[in-house]
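All residue numbers refer to positions in the sequence shown, counting from 1.
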Amino acid sequence: MKSISLDITKAAQFLSEGAVKAYEPQVKAAQEALENGTCPGNDFLGWLHLPSSITPEFIAELQSVANTLREKCEVVVVAGIGGSYLGARAVIEALGNSFAWLVQDKKNPTVVFAGNNIGEDYLAELTTYLKNKKFGVINISKSGTTTETALTFRLLKKQCEDQRGKEEAKDVIVAITDAHKGAARAAATKEGYKTFVIPDNVGGRFSVLTPVGLLPIAVAGFDITALVNGAADMEKATGKDVPFDENPAAIYAAVRNALYAEAGKKIEILVNYQPKLHFMSEWWKQLYGESEGKDGKGIFPASCDFTTDLHSMGQWIQEGERSIFETVISIEAPEKKVLFPHDDENLDGLNFLEGKRVDEVNKMAELGTRLAHVDGGVPNIRLSVPQLNEYYLGQVIYFFEIACGISGNILGVNPFNQPGVEAYKKNMFALLNKPGYEAESEAIQKRLADEK
């Protein structure tokens, strides 16, 4: 079985000789701190050996619940925000039909995502879409009080019960939540929902390989055993005893920190040439943004879908401020085959491509762009993925997770907390006059009055 691979040659040339290798002691120290639980945030290291600890029995339990939802539902709504939905959506959209909402698929329910915004129009359109449909809900929330998700679940629960009856609704609502406490746990116990636990020691952005990600992926019809196996193999390939020069995650963490500290590269753009990977980039942005962006430090994670965004962001990337580097995810072999046709008139001048696979054109666009961007002063890291399937996506997920843990420790931050996320919530609750926020409300009202 092949593995994903990393090419840093077009990034290392922007660094002094030996700069990447010089990070080996820091990488080793970071790996030891993760392994020994001596790093900041050490109560959130449950993801570290999660892939290798998942049993066939647990996979079977998840698959059984997924099969119930698949049999009884035309549509399954995944209600969650941040890490509670991005990982599942990344995998489902990477593996699914790009036009899934237009395709009548009698084998698999349609999986839609909600609870990740407070858009009234979005919720109105969702509830209208669900009218007269047999739908179920996977409610993902540790506390059950996250505003976006709780608001959405309240609406969906009522609609599901109104349409299917309370008893039948009970069989198609699943809660993924805390083991013992919180509003979602209390509601699930009261209503008799099937539940799965979000482990206390796994943060949301590292939770793809818990029921948070695995159940929705299984509902969508994808092979969660292969996904976990890929992650487990990458866990072995990136372990602390793997030599630095052979460990892709260690090298990735070292290169990006060297580019940040030595070359002044403050922005990392994750690039793909496969439109199905758009939400993988969204997942990656949360993983690195929430993990590293604190204490006035951190590389800003951005993303582009090429070649699409070459026609919007390409100019800035080529000739704008030289504060960026790129990490390119390249899929070696597409699943489908489309050949370029002949045209007698050849008005577009493209007959020179006759008989070539579209992917060959895409690969030359990728290579040509990388060369142009390197010439323009943009370091390039390339992550090569043999195929877009469950096994290799499992590898990619764990690769980015472990590299993130190493990188955050090198940076000297706690990679596993997100205190800044709470700031907007405090202000929102104060503005909505939530009980317990009276002092904050008064302070905000005074501030707004002074700004007029």
*asked:* I want to check a possible cation-pi pair here: Lys266 against Tyr260, using under 6.0 Å from ring centre and within 45° of the ring axis as the test.
replied: yes
*Test item: Leu388 and Leu277 side chains (from C-beta on) under 4.5 Å apart, heavy atoms*: yes
_Side chain proximity check, Asp348 to Asp343, heavy atoms < 4.5 angstrom_ = no
*Are the side chain of Lys297 and the backbone of Leu411 linked by a donor-acceptor contact shorter than 3.5 Å?*
yes
*Do you know which two heavy atoms are closest between Arg205 and Pro415, and how far apart they sit?*
NH2-O, 2.6 Å
*Residues Glu167, Lys170: salt bridge by 4.0 Å N-O rule*: yes
*Could you tell me the separation between the CG atom of Leu310 and the OG1 atom of Thr369, rounded to the nearest 0.5 Å?*
4.5 Å
*Indicate yes or no: does Arg256 engage Glu292 in a salt bridge with an N to O separation below 4.0 Å.*
yes
*Where is the tightest heavy-atom contact between Gly46 and Val202, given as atom of each residue plus distance?*
C-CG2, 3.6 Å
*For residues Ile381 and Ala11, report the shortest heavy-atom separation together with the two atoms involved.*
CG1-CB, 3.8 Å
*Would you check if Lys363 and Leu367 make a side-chain contact, meaning some heavy-atom pair closer than 4.5 Å?*
no
*Heavy-atom side-chain contact between Val413 and Pro40 under 4.5 Å*: no
*Would you find a donor on one side and an acceptor on the other, under 3.5 Å apart, between the side chain of Thr195 and the backbone of Ala175?*
no
*Side chains of Gln395 and Tyr391: is there a donor and an acceptor less than 3.5 Å apart?*
yes
*Would you list the pairs meeting salt bridge (Lys or Arg N to Asp or Glu O under 4.0 Å) in which at least one residue belongs to residues 67-85, sequence neighbours left out?*
Lys72-Asp171
*Among Tyr288, Trp283, Phe44, Trp47, find the residue that satisfies the ring-ring contact (aromatic ring centres under 6.0 Å, His included) test when tested with Phe206.*
Trp47
*Are there more than 12 heavy atoms of other residues, nucleotides or ligands under 6.0 Å from atom CG of Asn132?*
no
*Without swapping roles, check the side chain of Arg185 against the backbone of Asp178 for a donor-acceptor pair under 3.5 Å.*
yes
*Where do Ala403 and Ala253 come nearest, in terms of heavy atoms and distance?*
O-CB, 3.8 Å
_Heavy-atom donor-acceptor pair, Gln159 side chain to Thr127 backbone, under 3.5 Å_ = yes
_Atom pair CD (Glu120) and CD1 (Ile118), whose distance is rounded to the nearest 0.5 Å_ = 11.0 Å
*Does Phe135 reach the side chain of Pro109, with side-chain heavy atoms less than 4.5 Å apart?*
no
*For residues His49 and Glu35, determine if any side-chain heavy atom of one lies less than 4.5 Å from a side-chain heavy atom of the other.*
yes
*Derivation and outcome, side chain to side chain contact (heavy atoms under 4.5 Å, CB included), residues Tyr193 and Asn139*: CA-CA 10 Å; Tyr193 302 148; Asn139 186 43; over 6 Å; no
*Please confirm whether the backbone N or O of Pro199 pairs with a side-chain atom of Lys142, one donor and one acceptor, at under 3.5 Å?*
yes
Indicate every side-chain donor-acceptor pair of residues 212-222 with a distance under 3.5 Å to a residue at least two apart or in another chain.
none

*Separation between CD1 of Ile402 and CD1 of Ile397, rounded to the nearest 0.5 Å*: 14.5 Å
*Hey, is the main chain of Ile331 close enough, under 3.5 Å, to the side chain of Gln274 for a donor-acceptor pair?*
no
*Side-chain contact test, heavy atoms from C-beta onward, threshold under 4.5 Å: evaluate it for Asn247 versus Ile251 and give yes or no.*
no
*Return yes if some donor-acceptor pair links the side-chain N/O of Glu390 with the main-chain N/O of Asp223 below 3.5 Å, else return no.*
yes
*About how many Å separate SG of Cys404 and CH2 of Trp284, when rounded to the nearest 0.5 Å?*
10.0 Å
*Test side-chain hydrogen bond (donor to acceptor under 3.5 Å, both in side chains) on Asp43 and Asn201 and set out the steps.*
CA-CA 6 Å; Asp43 48 346; Asn201 60 355; over 6 Å; no
*asked:* Taking Lys337 first and then Asp359, would you say they form a salt bridge - that is, a charged N and a carboxylate O separated by under 4.0 Å?
replied: no
*Crowded around Tyr424 OH? As in, over 12 foreign heavy atoms under 6.0 Å?*
yes
*With a 4.5 Å heavy-atom cut-off, do Val255 and Pro379 have their side chains touching?*
no
_Ile317 vs His373, test: side chain to side chain contact (heavy atoms under 4.5 Å, CB included). Steps then yes/no._
CA-CA 7 Å; Ile317 294 170; His373 287 181; 3.3 Å; yes
_Taking side chain to side chain contact (heavy atoms under 4.5 Å, CB included) as the criterion, tell me which of Leu383, Leu393, Ile329 meets it with Ile4._
Leu383
_Is it the case that the side chain of Asn362 and the backbone of Tyr273 share a donor-acceptor pair, with hydrogens and angles ignored and the cut-off at 3.5 Å?_
yes
_Nearest-0.5 Å distance that lies between atom OH in Tyr398 and atom NZ in Lys236_ = 12.5 Å
*Any chance the side chains of Ser52 and Glu235 put a donor and an acceptor closer than 3.5 Å?*
yes
*Met234 and Ser3: which non-hydrogen atoms are nearest, and at how many Å?*
CE-OG, 3.7 Å
*So, the side chain of Lys294 versus the backbone of Asn417: is there a donor-acceptor pair under 3.5 Å, distance only?*
yes
*Using a strict 4.0 Å threshold on nitrogen-to-oxygen distance, state whether Lys285 and Glu282 make a salt bridge.*
yes
_Before you tell me yes or no, could you show the steps for Lys194 and Glu61 under side chain to side chain contact (heavy atoms under 4.5 Å, CB included), namely the whole-Å CA-CA distance, both residues' side-chain angles and the distance that decides it to 0.1 Å?_
CA-CA 11 Å; Lys194 174 66 180 176; Glu61 183 184 0; 3.1 Å; yes
*asked:* Set out, in order, the CA-CA distance, both residues' side-chain angles and the distance that settles side chain to side chain contact (heavy atoms under 4.5 Å, CB included) for Tyr252 and Ile406, then state yes or no.
replied: CA-CA 10 Å; Tyr252 177 57; Ile406 295 169; over 6 Å; no
_Minimal non-hydrogen separation, Thr149 against Ile81, with atom names_ = OG1-N, 3.7 Å
_So, taking the atom named CD1 in Ile410 and the one named CG in Asn257, what distance separates them when rounded to the nearest 0.5 Å?_
4.5 Å
*Would you find a donor on one side and an acceptor on the other, under 3.5 Å apart, between the side chain of Ser207 and the backbone of Thr210?*
no
*Decide, yes or no, whether a salt bridge links Glu366 with Arg370 under the criterion of side-chain N to carboxylate O below 4.0 Å.*
no
